[in-house]
Every structure is written in structure tokens, then in C-alpha cells.
Number of protein chains: 4
Amino acid sequence: MPVRRLQVGVAGLGRMGKRHALIWLQQVHRADLVAVSSPDAAERQWASEELAPHGVAVYEHFADMLAHGGLEAVCTASATSAHAEQSNMAIRAGKHVLCEKPLSTTVEVSQSVLDTAATRPDLKVICGFSRRSDASYRAAYEKVEQGLIGRPTVMRCQSCDILDPTGQFVSYAAVSGGVFVDSCIHDIDLALWFFGKESKIKSVHAVGTAACHPDLRQYNDSDNAIGMMEFHDGRMVSLFASRTMAAGAEDSTEIIGTKGKLVVNMMPRVNHVHVYQAGGVLQEMPQNYWERFENAFVTQANRFAETVLDDKPSWIELESAVEVVKIGVALQESMVTGEKIWFDEKGQRVNKAQL
Amino acid sequence: MPVRRLQVGVAGLGRMGKRHALIWLQQVHRADLVAVSSPDAAERQWASEELAPHGVAVYEHFADMLAHGGLEAVCTASATSAHAEQSNMAIRAGKHVLCEKPLSTTVEVSQSVLDTAATRPDLKVICGFSRRSDASYRAAYEKVEQGLIGRPTVMRCQSCDILDPTGQFVSYAAVSGGVFVDSCIHDIDLALWFFGKESKIKSVHAVGTAACHPDLRQYNDSDNAIGMMEFHDGRMVSLFASRTMAAGAEDSTEIIGTKGKLVVNMMPRVNHVHVYQAGGVLQEMPQNYWERFENAFVTQANRFAETVLDDKPSWIELESAVEVVKIGVALQESMVTGEKIWFDEKGQRVNKAQL
Amino acid sequence: MPVRRLQVGVAGLGRMGKRHALIWLQQVHRADLVAVSSPDAAERQWASEELAPHGVAVYEHFADMLAHGGLEAVCTASATSAHAEQSNMAIRAGKHVLCEKPLSTTVEVSQSVLDTAATRPDLKVICGFSRRSDASYRAAYEKVEQGLIGRPTVMRCQSCDILDPTGQFVSYAAVSGGVFVDSCIHDIDLALWFFGKESKIKSVHAVGTAACHPDLRQYNDSDNAIGMMEFHDGRMVSLFASRTMAAGAEDSTEIIGTKGKLVVNMMPRVNHVHVYQAGGVLQEMPQNYWERFENAFVTQANRFAETVLDDKPSWIELESAVEVVKIGVALQESMVTGEKIWFDEKGQRVNKAQL
Amino acid sequence: MPVRRLQVGVAGLGRMGKRHALIWLQQVHRADLVAVSSPDAAERQWASEELAPHGVAVYEHFADMLAHGGLEAVCTASATSAHAEQSNMAIRAGKHVLCEKPLSTTVEVSQSVLDTAATRPDLKVICGFSRRSDASYRAAYEKVEQGLIGRPTVMRCQSCDILDPTGQFVSYAAVSGGVFVDSCIHDIDLALWFFGKESKIKSVHAVGTAACHPDLRQYNDSDNAIGMMEFHDGRMVSLFASRTMAAGAEDSTEIIGTKGKLVVNMMPRVNHVHVYQAGGVLQEMPQNYWERFENAFVTQANRFAETVLDDKPSWIELESAVEVVKIGVALQESMVTGEKIWFDEKGQRVNKAQL
């Protein structure tokens, strides 16, 4: 019996798209990368040189890639604004989908993917929250499942990027959805994962500042922000996001339970080396999330192939990916308006008096 | 010329009072402990055995101790409810005062100490925020002063106590002022210290839960709480307090600036020992704040003696100690009501519309 | 132009052989695993189930695998006693070779591989010292190359395995070459790598004990041993090997230079998780070298494919692999006899008087 | 009943002498510093300004200080060459003695202190191995006593000083006894402490180099050296000493037992602060042993006062202090000659053949 490999296409060949394409090409034993698409000529040129010699077809239009013979699954690594539309198209074309996070920067558009997916329960539609495939977060989750820390009660999260002195990311704020939708989205997802479905969001509140990039204010965005999430069962999350860390990327998470605490990535480190020099002991840090999470993306791709090929249940529910956007958008709004935002137990926004 | 030693009396001989008394007796070279007072007979019995042989007079009434011949300064280590009254009495009697934190659990009573002190500018009246005398916080502060991390923008603080399975501290909640006044008070003080006087509080917001000690709810208190402080210049503080940590006392602080970040006590440790055993590498943690901060109390006492004897300016302004209580009380109120609380640039509570 | 993949066969399917086979099958983009061989029926059964469906031919005899059509390279992952013979056979058959360390437990047999390889300079013959392909050791080496720590002068190494309470490894001592040839071989190789070819061994000395497994004495072996290497240019290495660590595998290396020091794997850790529980902060450790070095083996396989396909120079000289055995054997002898062993600058064993 | 304080004199007011004097003056509650002596006029001038105002008598001659009325105990903090003679004089004068380590750089002179002390069993004569009073080493020792790591089998020790670019310490090599007597003496003492009296030294061997300070060779000394100690019961110690560490003082110790391992000071640190800056996370290191061990010296002084005043048994046997010198001297000799040195079970130097 010959071994079957999932036939995958990657949409988008920007920085992340290239990485996804190479992972599918080189590091997923049970998959073949058969096609890629990008509207950008330079990106297609890269694909012609790097991917085509391995038998990968290169398309300009996503719709054309969908029609590639034998294609079974799509990884949408395009701009966030295209995630939902491409996912919807792919589902309608009968393809499994691994969609880069977030589904969209708005709840409504995110919901559309959920609705489309509901029409094709035979397909796997998975939003790529990479930390769920990171070995350390998985180890932490297992310990929680084993009861090691009792009932998780509080989470403290930070998602911090290195300072970009060029400030090029500022213009990106126009489309990113803002710091809470773009940066904290992983932390919100982690909270939903670790607290579980029974925990329903009750309120969010956030404040932010433009400490290094005052131009962000024109987009109603901040480069440093703190937020909090409160759940109806009393659980709480404290969030911190920054675009201006001097030393590198810091993505750390504390899960505090009634019998113990877990910390993932207490002190960021790029490898096992310590440097002792005049001044003290230096530990180099990841400069970006890729250095920290590359392996998680590889694992995620392999899990996706396995989930489709073996028809396993998805490791993450699509509803959750919509809920994450809802909370992120509310935090962003709270940061802009200064108002606390409330939800009832059904997840509807209400006034506090209505609770 | 003989060397002069500050003649000190300690008020209160509970757990902290005993510690203060022994520090003044044994570890402050430029001071003599000459008197102590306590309304509690058992505490006075302890003093008769441990302190009296060293020439320390033991009083039942604080007023009598104030009249002790030659007494120059008082350390008020009594119950929080007595801090302000004893400080006021001592100032009126012409004594320098080192007052345990907080001045009081209310702003009004705290202010009374400030008012009394204003009548005697010749006296040193210092509120004992011990972390300001901790070597690590002082080293961090110096680095900030040197510009090492640029402009401090965000602080993340946690003040967490070990879980007390007896729950005896629950009844203490009736008088403690609540988790933000009792536990976070140090973090609020640190924020005022590191951000400086020019930073004026703009808003506070908090949420809390009674995860392990539901009886706390009768006192409107929580055993786990998160809060945030926003300043008019955009600076922010994220707070976390817990009374239920399984592993020990965790008091850690991050100061995030535009050019770097400082972390004090990233991973709590009780000494320089690591234990490698089946399971992994274990580092023992302090079980309470005393194990972490004992040296800070010793330093504080020595600084106080030096400040008085050499007529140096105080290292902490008394106004700040009142401001700390104001913010702590507002956080506690926000946690109870769910409402965000606003302040104008003069520090007056206002509606958001009034800003 | 179609992409060419190296056609690889793996000899030996024991614990390490299986790992090697799966790496070549799944994680080396530029190679195909086409054949495996094992004299063991159970191992071949495993291969029939796990490898054959992917098109891998399964042989009983190594010689038959060598004759597999299209085979270009061999990875010898068999028992140490077979490493040299199989390598020699493969070279004579015109195959590139990646040989598991060590070449042999004797200098003479190791040398035979070098001699055979000399007859076929067109082939890549590489001894798989996996640490040379570990990201942290490579980062450390680059820092040394950049001059970050000045001239490396001293190395402190430990290679420690977790305690095996069954003591099954004791019987392995009969063929392992002993603790210095089996465990310290990597550290000796690291020393030759970091110090460079100009450093010539001058003396070795070792002592050992059988702390937990007294039966080792019948094989003239120890379960804990310390050794030292001295070079003619004054450089020195301190070695420590243990088979009886309670907490897990500890492979740490310090490289001390005139301007700084590098430490690789100061505190072993299995992931980014810290567990705070009653007692303190726990960090889980790797339980064996595979948990620490799996990625290094993947990298090594990819480097080997690249070296052969692109005809690059090998990253490690075969002479060095013989030298490593020479030093390991001398350390083992010193441990047994209690005598210090000397070498002249040409590498010949001499009496001290002859130096 | 008035409290009695030990009346102490300090001999020698060099760098360490000044520190000792100030500790006795300021930080030992149960002692009074009553006298000091120094043959150096500048040192006496310092004492006149800093100590005399506190009632401390200042002497030029040690013999005169011994005659100071009421003097009960002497701390000899003079040059190593004077330790033994002053200790002997003090014992004969009926004074308790806390002698800085080592007793001497030769076994014979060290033994003379033991002999003199034997004539006055009523006096406490203690050699100040400060690490025995360090909180972390004491915690480690307690864990060993509790059986936490089973039977200690191997120790790995390093005592490393920061590089002194002036090289002024080179001339000190003429009288220091060499790197093993001067730097490793603490590690040798730790080994005797942790292994216990039943472990008898069997062999030592050492090699060294002058990596940064070639002038050391004229004194037969090294700036980097490694050594090993073997005991008759199979226990082993690996030593590393350096005078040329770039980053600071590193004094770390591993105690490896059959059931676990303890590490004291795995990564040296000066306080609880981590600095995140471009490049990574920096932890400042102690620049000298004083920053690491100051508290140990304070504890040691308090223990000494308590031992004398309460007539407690000494925490360290004087025989051990002689044994330490014997081993240090043998290591130094081995480093110079290249020969391994053997001892029989009675501690006599023998040829290997005599064992």
C-alpha cells in the first residue's frame, strides 16, 4: 500500500507565506506542497526559483490555485484581510483549510468562515494559533489537565515585539486591527484554551500609549498596552503587549492555579548558550517570534496533515477563533474609548446595568 | 568626641514589631534600642526576656514610652489602625518617626500624618516602604537614573503570598483595607518612585475573585486580583496580587522603558542552591516576604538612623505615602464596584466626562 | 531540472538505528531513505511495517544493502564494534559514509577507516559527532571564531546519564570501551574542535569509581569518573562523566577564554516551562541525550546530504575522529592503572622522561 | 544581669583587616571591637579616624594589642605569613583565636598552630573558612545530612577571580603559596567538610598554565589550573581555579550524590536584577569574592562570638585546617612537577608502589 501524502497549496508568499511554503515543502513528511499563489510578481519569481524545481506550481490567482488538479488542502498565509475570503472560497471548493490567525479583524467577517465551514462538516477548517502546537505550551496544558496546579484562576500574558526603529510597522496599524487584535490575539486564545469553554467572558478593559511611535495615534493604536479580561466564573487575565522591546521578542505566559503555577518562557532565550563577559552573564534572546516559534509552525503543519489524512478531530474549535476576535476587538475599543466593556453570559455586549 | 547613637523606641511587638525591635537592637550600629511598648502582656513578657537584659525599657502604653528619657525617635510597628495616631502623637512629642506602611487604610487618616508632620519640619517622618531600601530595587532605580532603559513606560508588578491553608488571614481582611491596600501598596509605591512626581494618576481599574477563600466576600475582598493604573502622561502599571500562591512568596517587578527593561526577582529564590533530583532541577523559594526582604528592613533602619543623625533629606516623601493610599483605596473600590475610577491632573476624583 | 535527492541506506536498526532511519525518511528534504539492513529479525520486522510502505528496501545483510541499486551513501548506526568494518566496506563499494561515533573502541581499528578513506578522496567519510551539529555548540563556536572570549584556554565538560536502576548498561561495559570512550568521547571531540588542530595532546590522567554499580569493576570500568587533558600549548580540559545522575541527562560544557567564557547547557531543561509548586520552582530536565540532541541529529543528516550533493568540504576531519579515540583510550587506561599518560608533540606515547 | 559581649581585637588592617574590623565593630551584636593592631602607619591612621572614635584602641605591635586590658579574643587578619605566629602568640596569651585562612602556606607551620592549641583546650581556635558560614553552603550541607542526595560521591569546584589587568597579583605569587593554596583552599576545605572525616585523601594531580600572566612562571605558579583529588573510599573532586575570568568572580560548587546533586552558585549574580537590553538578558556578576561572601564573614564573626561566649563546640576542627594545607601544597607541587602524588590511608606521602 503506497503512503498517501496530503496535497497542499499555500496562498500568499510574503514573509510568513514563504516560511509556510518551505515548511510544507521540506518538513512535513505526510504532505506534498503542490501549488502556491501570490498576486505579487516578485513573490512569484521567488517561488519559481525556490519551489518550482521541486514540482510546485506557481499561480497568480488564488482561484486558479484552487483548481489545481489533486489539491486537497490550502494554507492561507496571505494578508489578514484576505484570510476569511480565501478560506471561504477554499471551503466552497471542497478543500481543507489551515488559516493563519486571525480569521479577520472583525467579528462579522470571522463569523462568515464559521458559517461557511458549517456547510461542509466533512472538511477540516483550522485557525493556526501556533502556540497551541508549541511543545512548551502543550506540556503546560498537559500538566493542567493532570491537575498539577489545581484550577487555573489567573493568567498573566505578554506578547512583546522588538523595537522596530524604522517604524515601518506604523502604517501596518491601518489594517492590523490594532495591538490587541494583532499581538494579544495569541494570549486571548491561550486563555480560552486553558480556562476551557465553560468560562464565559464577562468584561474587558484596556489602556494604551504610543510611547515610541506617536504616529500610531492617527490609527487609534498604541505601541504599549495593558488589558484585562474577566470571566463570569471569576477567572481573570492580565495582558501586556508591546511593540517596543529593546532586547527582543518576549512572549511569556503565567498560568496560576489554586495549587501551583506554570510559567512558559519566563526568560526568553535563543539557545543553550550563556556568555560571560565583562559586565556579567548574557543570554541572547529571540529577536522575533519566528526564532521562538518556528518549531511550533512545523508541528502545526504536521498535525494538520495528520488530522486531515487520519480524519481526526481538530485540536482547536473554529468557534473559539471567532470568540478570540470578539474579545480582541472589544479590548481595542476599550483602549480607544477608555470604557470598560461588558458581556452577558451568552456573550452579548451589554451595559453593566443589564448584567 | 564620642560617637552619638540614635535613641530609638519601637511601638508594637507583634510579629513585625519583634523583628523591628531585634533589628534596632542588634543590627543598627548608629542606634540604641532604648524602649518598646505593647498593650499585649505576652508581648511585653517576651520583651522582658529578650530585650530588657540589653537595657531596653518595656512599656504598656505608647504615651509612656514617648516620655522615656532621651528618646529621640519612634518606629511604629503596631497594628495598621494605630500607625497614624501613634505617628501623630510622636511628632507632637518631638520624636522622629519611622512608620510601618501604610500610614492608614484611609486617605483622610493618612493625610492627618502629613498635616501633623508639616507642623514640625525639623523632624524626619518616614513611611517604611521597605522595597525602597532593598538592594535590588535600589540597583534597578540607579540604572533607570543612568538612563539605561530610556524612559520607563510600563510596569508589571506582582505581590503574591503563599497560600495559608488555615485561612486565618481571612478575618484580617476586616481591617487590612483589602488586597490592594495591604498587598499592592508596595507596588503602587514603586510606581510612584520609578515614574517620579511628574506622573499623575489618571485612572484605576481592578477585578478580583475569591478563588480559595470564599469567606473573603463578606469583607468585599478577594484572594486574587488584577488591577491597572494609568497616568496622565500615558504611563501604565499592571498589578497582580494573590494570597494563594502554592510555592511561596513572589514579589516581582518589571520596569519597561523605551530602551530596555529591568526585572527585579524574575524567579524567586531563597539562596544560591539548586537541587537536582528525580523530576528535574528545583530552586527553593522564599516562603514569605521576610525571607526576601529582611535585609531591606535592616538597611531601612540604618538609613533612618543616618538620615536623622546627619540631618539628611528623607529618601521618600511623605506626600507620596498618602498618594499611595489614595490609589490603593480606589483600586479596592473599583474591584468591588466594577467601575473604573478617574482622577484629574490635580488628583481629584472626577467623572470621565469631567476630564 | 529535477531536484536530486541523496539515496541513503541505514545500517543497524537498534534504538539509534531506528531514530536515524526515521530522520532520513522524514526530516531530510534532500535525501531519500532507500534501504536499511539489520541482522536482527525483530528489527527487520519493525522496518517492514514502518519503513517499507514508504518504499524502503529491508536487508538482512549489510553487504546486500550495499548492492542496492542507486544507493549513494550509508549511515552506519550499528553496534560500535561494526562501525569500522561497515564503513570500510562501504567506502570500498564507493559509498559516502556517515558513521556513528566512535569509529571504534581501539585506535588501530579506527585508523583503518582513515586508511581506507584515503584511497577514495572522492567520497565523504564523516564521523557523526552530533554536538558539532547542535545549534548551541555551533553558536558557541561562532562566538569563539569572532574572538568574543579571546583565546580559549580551559574547558570544563560533563557528560552525564541518568541513573539506570536496572543496571542493564553494566553488561554493555564489556564492549563499550569504557566510560571515557563511550561517554566522554563527545567532550574530547569538542576540545579538539574548539582548541583547533594546532593544539597537541601532552598528557592525560583520570580516576574513577563504581559508586552505584560495583559490578562495573569486573570490566575495569567506573560509573563516575573525572579526567584531565593537557595540551602542549598549555591548554587544559577537565572532564566529568557519570552514569548515575538522579535527575536526568546533563551534558554541559564551559569554554573559558582569556576575555570571556561560554557555557553551553548550564542548567539542562527540556522545554520553556517552569513549574511553581510547594517546595519551589521546578524545571524538568531531559531524561536522556536524545531529548537534548534530537535536533542535532536532524541537522547532521541534512548537513551530510548537503555536503555530498554539493561536494562541500566536510565539517569535521576524519583524522580528528581517530585522535579522539586515542585520547579516550588513554584516559580509560589511566583510570584503570592510576598512571598519568604522556604524549610527545607528534602524538606518540612516551615516558615523561622522554619529553 | 547585664549582657556580656566578647572583647575582640583585630590584627592586620589591610583590605581584609579593615573589613573584619568594621564587621566586629558594627555587625556583631554580642561583641565589642576593643583593639586593633597594624605595623603600617597608614593603616593605623585609618583606624584612628574610623575606629578610635568608637572606643577602639590602636596598636602598632601585635604583642601590645595582646596585652590590652580585657581582651578575650583575636581575629588574625594579617598577611598569611603572620597568621600562624600571631595565632600561636595569642593562644599562649590565653586568647581565643579566629584565624584567617590558611593557617600558613606550609604544612609544618600550620601544624604548629594545632600543637599550640592542643596546650590550651579551654580556648577556641578556629580557622576562618568563610564558606562554612555561608547560608547557601550551609543549606546544601543540611540537605546532604538529610540524605537528600544520597551519598556524596563527586564534587566539582571552581574558584575563579576576575582578571586583574594590572597583574599586580603576580608579585603576590611569591608569598601566596600558589594558586592551589591560595584559591582552591576553600574548595579543598569544602570537600573535607562534605565528604567527612572518614574520607582519606589518596592521590592528587594537577596541571596549570600561565595564560595571561606569563610572569607567574618565575614563581612556579599558574593563572589557570585544574586539579583532582582522589580519596581512598573512591570519592573524587575536580578543581578549577582561575585568576583571569573576564566577567567576575565565580565560585561554584557541585556536590554529586548517588540520589541527586546540589549546585551552589550555578550562575553567579550580584542581586535580583536582570537587565534586558539590545543583545539579550544580562545578569550582573559579583566582581570579587567579597560581593559574594560578605554576609558569610558577618555570620562567621557572630558564630565565633557565640561559640566562645556560650562555650559551644567549634563548627570546624583545627586538624582539618592543617589537612587542607597539606592537600593544597601537594596539588601545587603536582602542578609544578607534573607528577601525581600519593598518600596512604594514614595520610603519609608514599610512592604508588607503597600503597
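Throughout, a chain's letter reflects where its sequence line sits, starting with A, and its residues are numbered from 1.
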Which heavy atom of [X] sits nearest a heavy atom of [Y], and at what distance?
| X | Y | answer |
| --- | --- | --- |
| D:A211 | C:T153 | CB-CG2, 3.6 Å |
| C:A246 | D:G260 | CB-N, 3.6 Å |
| C:T209 | D:G234 | CB-O, 3.3 Å |

**Asked** Are there more than 12 heavy atoms of other residues, nucleotides or ligands under 6.0 Å from atom NZ of D:K352?
**Response**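 Yes, NZ of D:K352 has more than 12 neighbouring heavy atoms, counting only those of other groups under 6.0 Å.
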**Asked** Is it the side chain or the backbone of C:V237 that comes within 4.5 Å of chain D heavy atoms, both, or neither?
**Response**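 Backbone of C:V237 only, per the 4.5 Å heavy-atom cut-off to chain D.
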**Item:** Part of C:K261 lying under 4.5 Å from any heavy atom of chain D
**Value:**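 The side chain, not the backbone.
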Give the interface residues of [range] toward chain C, defined by a heavy-atom separation under 4.5 Å.
| range | result |
| --- | --- |
| residues 332-340 of chain D | D:T337, D:G338, D:E339, D:K340 |
| residues 215-228 of chain D | D:N224, D:A225, D:I226, D:G227, D:M228 |
| residues 265-290 of chain D | D:M266, D:M267 |

**Request:** Measure distances from D:V207 to the heavy atoms of chain C and classify the residue's part below 4.5 Å as side chain, backbone, both or neither.
**Result:**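 Its backbone and side chain both get close to chain C.
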**Message:** For the interface with chain C, which of D:Q158, D:M245, D:M236, D:R151 has the highest count of heavy-atom pairs at distances below 4.5 Å?
**Reply:**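 If we count pairs closer than 4.5 Å to chain C, D:M236 comes out on top.
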**Asked** Atom NE2 in C:H205, atom OG in D:S203: separation rounded to 0.5 Å?
**Response**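 Answer rounded to 0.5 Å: 5.5 Å.
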**Asked** What is the distance from atom CG of C:L239 to atom OG of D:S238, rounded to the nearest 0.5 Å?
**Response**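 One gets 8.5 Å once the value is rounded to the nearest 0.5 Å.
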**Prompt:** How would you list, by chain and number, every residue that makes a side chain to side chain contact (heavy atoms under 4.5 Å, CB included) with C:E198, sequence neighbours excluded?
**Reply:**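 C:R235.
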